[in-house]
There are 2 protein chains.
Amino acid sequence: MSTALDPTDKEILRILQKDATLTNKELAFKLNKSIATVHERIKKLKEQGYIKRIVAILDRKKIDKGLIAFPQVLLKEHTAEALIEFEKEVAKFSEVMECFQLTGSSDFILRIATSDMDTYHLFLRNKLATLPNISTVQSFFVLSETKSDTAYPI
Amino acid sequence: MSTALDPTDKEILRILQKDATLTNKELAFKLNKSIATVHERIKKLKEQGYIKRIVAILDRKKIDKGLIAFPQVLLKEHTAEALIEFEKEVAKFSEVMECFQLTGSSDFILRIATSDMDTYHLFLRNKLATLPNISTVQSFFVLSETKSDTAYPI
DNA sequence: TTTGAAAACTCTCGCGC
DNA sequence: GCGCGAGAGTTTTCAAA
């Protein structure tokens, strides 16, 4: 099983990252390949894990997620167990879209989606701040989203 | 044109955010609706802008985007023109996946995807730092990605 | 990788609730 | 208004070469 991507594979990934509703027929036309070839390539790209999933991207403001916040969290204890415990607990909160462990002075940065500041405040008090081992939390709030892309350049 | 979502619409959005490869037939079965109804609902959800697009989510490590960084950028000038100019220029860089204007002391936070630290360094020196009006840039680097979700709770 | 044919799915229309 | 059935038109799938 070769894992290297040839130019056709890369082009498929480039296109599907932007629009995964294209039919195999349309893709085949763009790539000058047969439909069966395109189908086979995509199947392999999924099997090999290049494509993790195909999802719908929603307009968050329309579904009442008007506020995005980035709390930076510093922990008291930095043992392996403490880090893992924090990650495990924080992942359970539905407001937490992403959780990254960082280098530097902040241990973690989260991306939180809530409807408004009141809801965020409740999340902070009733959920995040109740976790053991938290030292400090400094929250940044998004005023505007200038660029938001899920497609990596390939 | 009503804009409120009924429980069926919400369930459709919930499902498609996690897996948009389900056929209308499968969705119809899950929802106890007819195929035609499901089809009609999804069409409306796209037309009304709830669903912005359907995309493939890739495994970034497999496509040589091993490093995610969050540079926080402070500008010198804070006029409307200066902010807009910065947003416009930064959006052109292919390494920039996201750009948020923030409240608080940092003006912007970016999410940058590169293959490694060397490439990030080049991005910083040759691209980001060449923009006019930048005061300071403080970069955080991701050690590990604990949670990464594109699906909002609905 | 391609072809070709069968199976599955999509999408629209018109009727009924 | 909303949902459903049926059918033509597309797309996908899976042989075999």
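Naming: A, B, ... by sequence-line order, numbering from 1 per chain. Keep in mind that what you see is a predicted model, and the values were worked out from it rather than measured.
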Inset, instruction - Would you give a per-nucleotide map of nucleotides 11-17 of chain D, 5' to 3', where B means the base has a protein non-hydrogen atom under 4.0 Å away, S means only the sugar-phosphate does, and - means neither? - result: SSS----
Side chain to side chain contact (heavy atoms under 4.5 Å, CB included) partners for [X], two or more places apart:
{"X": "A:Leu143", "value": "B:Gln101, B:Thr103"}
{"X": "B:Thr119", "value": "B:Thr114, B:Ser115, B:Asp116"}
{"X": "B:Gln17", "value": "A:Leu58, B:Ala151, B:Tyr152, B:Ile154"}

Salt bridge (Lys or Arg N to Asp or Glu O under 4.0 Å) partners for [X], two or more places apart:
{"X": "B:Lys127", "value": "B:Glu95"}
{"X": "B:Glu77", "value": "none"}
{"X": "A:Glu87", "value": "none"}
{"X": "B:Asp6", "value": "B:Arg41"}

Legend entry - Leading and trailing nucleotides of DNA chain C with any atom under 4.0 Å from heavy atoms of chain A: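 Contacts span C:dT1 to C:dT3, reading 5' to 3'.
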Inset, instruction - Return the value, rounded to whole Å, for the distance between atom CG of B:Leu31 and atom P of D:dC2. - result: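 Atom CG in B:Leu31 sits about 17 Å away from atom P in D:dC2.
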Legend entry - Gap between atoms CD1 and C1', on B:Ile42 and D:dG3 respectively (whole Å):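 After rounding, the reported distance stands at 15 Å.
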Inset, instruction - Please list, chain by chain and in numerical order, all residues satisfying ring pair (Phe, Tyr, Trp, His ring centres under 6.0 Å) with A:Phe70, sequence neighbours excluded. - result: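 A:Phe70 satisfies ring pair (Phe, Tyr, Trp, His ring centres under 6.0 Å) with B:Phe100 once adjacent residues are dropped.
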Inset, instruction - For A:Phe86, enumerate each residue passing the ring pair (Phe, Tyr, Trp, His ring centres under 6.0 Å) test, keeping only those at least two apart in sequence or located in another chain. - result: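 With neighbours one apart ignored, the set is A:Phe108.
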Inset, instruction - Please check the phosphate of D:dG3 (OP1 and OP2 only) for any side-chain N or O of B:Arg41 closer than 4.0 Å. - result: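 True: B:Arg41 side-chain N/O within range (under 4.0 Å) of D:dG3 OP1/OP2.
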Legend entry - Side-chain N,O (B:Thr37) to OP1/OP2 (D:dC4) below 4.0 Å: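 The answer is yes; a side-chain N or O of B:Thr37 sits under 4.0 Å from OP1 or OP2.
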Inset, instruction - Work out how much the helix from C:dT1-D:dA17 to C:dC17-D:dG1 bends between its end axes, five pairs an end, to the nearest 10 degrees. - result: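 Taking five pairs per end, the axes differ by 40°.
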Legend entry - Whether B:Lys33 side chain and B:Ala28 backbone form a donor-acceptor pair below 3.5 Å: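 No.
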